[in-house]
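Data first, discussion second: the structure below is written as structure tokens.
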Amino acid sequence: MHTYDRVRHVWRYDIGGFAWQNTELVPTYWLWLYFLRTGREDVFSMAEAMSRHCSEVDTYHFGQYQGLGSRHNVRHWGCSCKEPRIAMAGHHRFLRYLTGDERLADIFEDVKDADYSASANIHNRMRLSDGREIPGTRSGPDWSSYVSNWMAWYEMTLDEDYRKKIETGIQDLCETPFGLASGPDFGYDPDTGHLIYVGESEITPNQHLQICMGGPQIWLECADLLDDDRLPRLIADLGAFYFLDKEEKADRTQGKIHDRSFGWPMLATGIAAYSAMRSGDEALGRQTWRILLDEVLSRNGEEGYQLQEYAVQKGFFRNYP
């Protein structure tokens with residue numbers, strides 16, 4: 001289940017949005033990465049059970065929601081949010097490639113065209129300034145989830161149509177004023193994969209959702225797979241931008257991004273670290289470690305101090321204060 005109630009000393013079985021975990025905040029990724037780092041059988045068993053459940057039960061395999069999933073709620077299928085991020089192939093590619101499981105190949109086929117199902121959903125419509133309505137999508141976690149599906153399908157089949165959709169979206173983002181920091185809400189054409197830039201949204205709640213539902217993990221892996229430097233540059237630029245203070249964000253964007261919330265900085269540490277590594281920005285590297293370790297300290301008490309000491313001993317801070 002999703003969240004423990006420290007007042008009542010029970011899991012929040014009765015509070016919508018806090019009941020079932022499903023793939024919320026991509027526990028699948030950290031479980032599988034933890035297994036790859038440790039080789040522990042108990043971790044594999046847990047990750048396998050998670051992938052089995054989420055790929056079968058939390059995913060729609062046919063009908064109007066095919067390729068989408070059902071988010072956490074009190075009733076397991078009760079949530080009105082039917083989203084591609086919940087069912088995306090990236091959650092389960094680990095199990096597929098470690099075991100050769102053909103059932104997951106079937107599921108990857110189920111989700112490869114999730115962008116059509118999402119675009120047909122009335123809740124994903126966007127009204128343009130001229131009054132027209134078109135499908136809408138977010139660069140993350142919607143488009144990032146489509147990329148996850150297309151990447152898995154292309155790996156299996158070498159179907160160039162799906163690689164082309166990835167490359168089309170990347171080029172569209174490159175043509176926006178601020179790359180992955182732009183939007184993050186776009187119009188969308190499921191037939192071509194085009195992201196349609198409609199300007200900057202300062203009231204969007206979606207900037208942190210862009211990164212906390214698997215976006216960085218998907219983009220970083222896709223960047224390694226494609227012989228194309230555009231996506232790595234987009235990721236690095238967002239990583240360098242995310243931690244800037246409000247005034248500097250406004251200055252760098254000519255005032256177009258000034259009040260937008262870039263929440264949950266801890267979840268942006270991956271792309272910030274990537275940016276620091278790619279550019280050699282030592283100040284950003286130090287800032288990234290501080291944000292990550294401060295989060296660990298605030299949540300884990302003595303264990304957090306032990307991790308901080310380990311980081312210092314390993315030279316993560318090198319000679320920096």
Side-chain angles (χ1 to χ4, degrees), residues 1-3 17-38 43-60 67-73 76 79 81-98 104 107-108 110-111 114 118 137-152 155 180 184 205-225 231 235 238-239 242 262-274 291-292 295-296 299:
M1 299 186 80
H2 186 280
T3 301
F18 294 95
W20 297 105
Q21 180 70 29
N22 296 353
T23 56
E24 194 78 359
L25 300 177
V26 290
T28 44
Y29 273 85
W30 63 254
L31 281 166
W32 280 116
L33 291 170
Y34 187 37
F35 167 71
L36 293 177
R37 288 180 177 274
T38 64
V43 177
F44 179 92
S45 296
M46 175 66 183
E48 181 185 29
M50 190 82 176
S51 277
R52 291 286 178 215
H53 174 90
C54 294
S55 65
E56 296 287 359
V57 179
D58 298 326
T59 298
Y60 289 91
L68 309 182
S70 191
R71 197 181 64 153
H72 52 180
N73 204 301
H76 201 69
C79 187
C81 293
K82 312 300 185 185
E83 298 189 33
R85 63 176 173 81
I86 300 154
M88 66 183 181
H91 296 299
H92 317 303
R93 285 169 71 247
F94 303 89
L95 183 59
R96 161 67 176 160
Y97 294 144
L98 285 169
L104 289 171
I107 289 169
F108 292 173
D110 292 342
V111 304
T137 197
R138 299 165 292 182
S139 51
D142 301 327
W143 180 75
S144 58
S145 300
Y146 303 154
V147 170
S148 173
N149 296 335
W150 300 333
M151 183 169 62
E155 287 172 328
L180 278 167
N206 290 318
Q207 200 75 57
H208 78 280
L209 290 174
Q210 185 189 44
I211 59 167
C212 70
M213 302 295 180
Q217 290 84 356
I218 295 161
W219 295 328
L220 287 168
E221 188 163 8
C222 190
D224 283 342
L225 291 171
L231 185 54
I235 301 165
L238 179 61
Y242 205 93
F262 284 74
W264 287 17
M266 184 270 291
L267 293 170
T269 51
I271 53 173
Y274 179 79
I291 289 170
L292 186 60
E295 183 76 15
V296 172
R299 292 180 180 271

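Residue indices begin at 1 and follow the sequence shown.
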If I compare all heavy atoms of Ile235 with all of Ala223, which pair ends up nearest, and what's the gap?
CD1-CB, 4.1 Å
Please say whether more than 12 non-hydrogen atoms of neighbouring residues, nucleotides or ligands are located less than 6.0 Å from CH2 in Trp32.
yes
Rounded to the nearest 0.5 Å, how far apart are OH of Tyr146 and CD1 of Ile218?
12.0 Å
Which atoms form the tightest heavy-atom contact between Met213 and Pro141, and what is the distance?
CB-CB, 3.7 Å
Under 4.0 Å between a Lys/Arg side-chain N and an Asp/Glu carboxylate O for Arg138 and Glu83?
yes
Measuring from atom CZ of Arg71 to atom CZ of Arg85, what distance do you get when rounded to the nearest 0.5 angstrom?
6.0 Å
Thr3 vs His72 side-chain heavy atoms within contact, under 4.5 Å:
no
Does any part of the side chain of Ile211, heavy atoms only, come nearer than 4.5 Å to the side chain of Ile271, both counted from C-beta?
yes
Could you tell me whether the side chain of Glu221 and the main chain of Gly90 form a donor-acceptor pair under 3.5 Å?
no
Do you know the tightest heavy-atom contact between Ala114 and Leu68?
O-CD2, 3.8 Å
Where does the angle between the aromatic ring planes of His208 and Trp264 fall among parallel (under 30°), tilted (30 to 60°) and perpendicular (over 60°)?
tilted
How many angstroms lie between atom NE2 of His53 and atom CH2 of Trp20, to the nearest 0.5 angstrom?
7.0 Å
Short question: side chain of His92, backbone of Arg52 - any donor-acceptor pair under 3.5 Å?
no
Mark yes or no for whether Asn149, through its side chain, and Val111, through its backbone, hold a donor-acceptor pair below 3.5 Å.
yes
A side-chain contact here means heavy atoms from C-beta on lying under 4.5 Å apart; do Asp58 and Ser70 qualify?
no
Shortest non-hydrogen contact from Tyr242 toward Gln207
OH-O, 4.2 Å
Nearest 0.5 Å, please: how far is CG in Leu33 from OG1 in Thr28?
9.0 Å
Nearest-0.5 Å distance that lies between atom CE in Met50 and atom CG in Leu95:
13.0 Å
Do you know which of Trp30, Phe44, Tyr29 makes ring-ring contact (aromatic ring centres under 6.0 Å, His included) with Phe94?
Tyr29
Backbone N/O of Glu48 and side chain of Ser51: donor-acceptor pair under 3.5 Å:
no
Nearest heavy-atom contact between Ser55 and Leu104 is OG-CD2, 3.9 Å
Ser148 OG to Trp219 CH2 distance, which is reported to the nearest 0.5 Å
12.0 Å
Got Arg37 and Val43 here, is their nearest side-chain heavy-atom distance under 4.5 Å?
no
Smallest heavy-atom separation, Gly69 atom then Ile86 atom, equals O-CD1, 3.4 Å
Can any side-chain N or O of Gln21 pair as donor or acceptor with the backbone N or O of Glu24 at less than 3.5 Å?
yes
When you compare the side chain of Thr269 with that of Glu295, does any pair of heavy atoms fall below 4.5 Å?
no
Just by modelled atom types, is the Ser144 backbone N or O under 3.5 Å from a matching donor or acceptor in the Ser139 side chain?
no
